[in-house]
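Input: a single structure, listed below in structure tokens.
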Amino acid sequence: MVDSVAKNREDILLEVKGLKTYFHTEYGVVRAVNGVDITFPRGKVVGVVGESGCGKSVTALSIMQLVSQPPGKIEAGTIMYYPEDEAPIDILSLNPKERKMRELRGKELAMIFQEPMTSLNPIYTVGDQIIEKVQVHFPMDRNEAKEYAIDMLNKVGIPDPAQRVDEYPHQMSGGMRQRAMIAIALACDPRFLIADEPTTALDVTVQAQILILMQDLQQEFGTSIMLVTHDLGVVGEMADVVAVMYMGKVVEYADVQTLFYEPRHPYTRGLLRSIPLIGQSGARWLSPIEGMLPDPYDQIIGCSFAARCPHRTEQCQHETPPWLESEDGRGVRCWLYA
Amino acid sequence: MANYLTKRLIYMLITLFGISIISFTVIQLPPGDYLTSYITELQASGTVVDEAQIASLRQRYGLDKPIYVQYFKWITGIFRGDFGRSFEWNESVRVLISERLPMTIAISLLTLVFTYVLAIPIGIYSAVRQYSFGDYLAIFIGFIGISIPGFLLALVLMFAFYHMFGISIGGLFSAAFEDAPWSWAKFKDLVDHLWVPMIVVGMSGTAGLIRTMRATTLDELGKDYVKMARSKGLPEWKVILKHPVRVAINPIVSTVGWELPRIVSGTTIVAVVLSLPITGPLLLQALLSQDMYLAGSFIMMLSVLTVIGTLISDILLAVIDPRIRLE
Ligand SMILES: Nc1ncnc2c1ncn2[C@@H]1O[C@H](COP(=O)(O)OP(=O)(O)OP(=O)(O)O)[C@@H](O)[C@H]1O
Ligand SMILES: [Mg+2]
């Protein structure tokens, strides 16, 4: 069994603990992230999976300190970043607008956003959008930065990069735009890359190309990646470690193979059962998880999955299950294992 | 780009041609002509009017010809720089207009600059600091600016200044400089007077523009590309100015040309109240007395300004927005 879960401090690049990010809206408080713990080992890909609205993007934005405030607010938690030869930094203790945070953004931490259509500014060329980042972090003049941009576009597999560098986003196809986004994110060699559903907006062949590209780049640069997706197939292909999220909480965290072959949390088991099985009477969705997601404005007492859980007990409905971590680094949030 | 421009230019010429026909017709629409109003005036003052004399006048002015002949004479004249004569002033229309047009354009452009220079930064501030005290203040002032009519503000200012400081703020010059040749002192006197029409005329435009700028910026602030810009590590002020503001400002800068005719016509009533020597009051008078060549030429003049303004807008839009330039 391949074991990718970090066991020593030195193997950890970034560690999210007890993260709570709420949105205070007119209609009430949305507890989008409500106690998330995830460890990101150095040089590994951590897949973050879960249904739509479970707080994956908000967790990602919280790590970058990019949650819009108001209405959002990071209420609790620590996000420790362990640079190779510097003292650890608690990202949440930094002011999001100040220099130290800005130096981390782009240079150490980078993000590929969910929507390639809206995440590029329509009125600047792709080149300009790379150059502007490079010039913040590297002492390059415009020409050098442009050479660098062309080089980046080449690396992400954009043909004719010397011409494409002067094109506007609307002149590119969806796949090309996504590559351009990856080029922007990877410029300045960040240590930690968040890829928020980098392929959902693309058609299947392009999806595969982009994933292979990310894998190659990850191996070349040794970047740690947080790969957000709700596609377990992508996770199986790409990830070393998986965090399963449900209703703003991580409910299970394990090595990818462990998770696929010995899932613990009833929600994880449900998710795995709902993967279409090819070859068995065609592609068929097997027993999707019963029930609906509760209203995001409700504050849930007890385990948030209890209402849909086949194994629920009295205790599950009244007491929130604790985060149970075993020695091998895997964790689960369920009374069954307490 | 060249294609786009040619297309715009052709539209512009067609529009102007249409406007010239419509405005000439509309001026002729009320019953009677300049001579009928002239006769009524004479009769009112007790003068006996001789039929034969009127007929000869009518012939001299070409008023006995069908309307399309009159239009043709007028429009071909314009190409030779002859705008016809004003009946009422007994003066060539060109002279009357050239006396007042420069000042009209000057006041309009100044007001335009005043409006944009004030409204854009306030609008941006208001959006970036949404729901702050400053934002509420801007909204409040904006509402007042939109709801108070310009002429009322002009009257209030005139009254207040006369009452409190004993000075008259009407006109563009003090009595001493009215007919004096241009000098440094006269220029300073002009500047001292200009701020009143500038504020009065610019107020509602400024208020409206603040609201538009605030709304468009707010729209852009929440977009993903702004988060993306932040994620690159740019300083916050650079993120704001280079990204959402730069996008939000597009429709505003590109409609700058439409603002020009709005200001020119908006000044008329204020100009009457403040007795400013600009085109507005003259046009009003010309329309009242059916002084058709003067009125028609003015309307043509304003239309040309409008159309040029629109052309400027179109060009600006193409220059600042690659999605249009490269279409
Ligand atoms: N700006 C915001 N204001 C209010 N609520 C928000 C805001 N952003 C996110 N939320 C809420 O937070 C919750 C989690 O959202 P998030 O975007 O993290 O979901 P997700 O897991 O990324 O889902 P998806 O797979 O659809 O991208 C949702 O209920 C969402 O409505
Ligand atoms: Mg998301």
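Sparse packing is recorded around OH of B:Tyr11, with 12 or fewer heavy atoms of other residues, nucleotides or ligands lying under 6.0 Å away.
Neither the backbone nor the side chain of A:Ile112 comes within less than 4.5 Å of any heavy atom in chain B. For A:Leu104, no part lies near chain B; criterion is any non-hydrogen pair under 4.5 Å. Using a 4.5 Å cut-off between heavy atoms, B:Pro235 contacts chain A through both its backbone and its side chain.
For chain B, the option among A:Ala110, A:Gly106, A:Pro96 with the highest count of heavy-atom pairs below 4.5 Å is A:Gly106.
In terms of heavy atoms, B:Pro322 sits closest to A:Pro122 at CG-O, 3.7 Å.
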Under 3.5 Å, what donor-acceptor pairs does chain B form with chain A?
{"unit_1": "B:Asp224", "atom_1": "OD2", "unit_2": "A:Thr118", "atom_2": "OG1", "d": "3.0"}
{"unit_1": "B:Tyr225", "atom_1": "N", "unit_2": "A:Thr118", "atom_2": "O", "d": "3.2"}
{"unit_1": "B:Ser231", "atom_1": "O", "unit_2": "A:Gly106", "atom_2": "N", "d": "3.2"}
{"unit_1": "B:Lys232", "atom_1": "O", "unit_2": "A:His137", "atom_2": "NE2", "d": "2.8"}
{"unit_1": "B:Lys232", "atom_1": "NZ", "unit_2": "A:Gln129", "atom_2": "O", "d": "2.8"}
{"unit_1": "B:Lys232", "atom_1": "NZ", "unit_2": "A:Glu132", "atom_2": "OE2", "d": "2.7"}
{"unit_1": "B:Lys242", "atom_1": "O", "unit_2": "A:Tyr124", "atom_2": "OH", "d": "2.6"}
{"unit_1": "B:Lys242", "atom_1": "NZ", "unit_2": "A:Glu132", "atom_2": "OE1", "d": "2.8"}
{"unit_1": "B:His243", "atom_1": "ND1", "unit_2": "A:Asn121", "atom_2": "ND2", "d": "2.8"}
{"unit_1": "B:His243", "atom_1": "NE2", "unit_2": "A:Glu132", "atom_2": "OE1", "d": "3.0"}
{"unit_1": "B:His243", "atom_1": "NE2", "unit_2": "A:Glu132", "atom_2": "OE2", "d": "3.0"}
{"unit_1": "B:Arg325", "atom_1": "NH2", "unit_2": "A:Tyr168", "atom_2": "OH", "d": "2.9"}

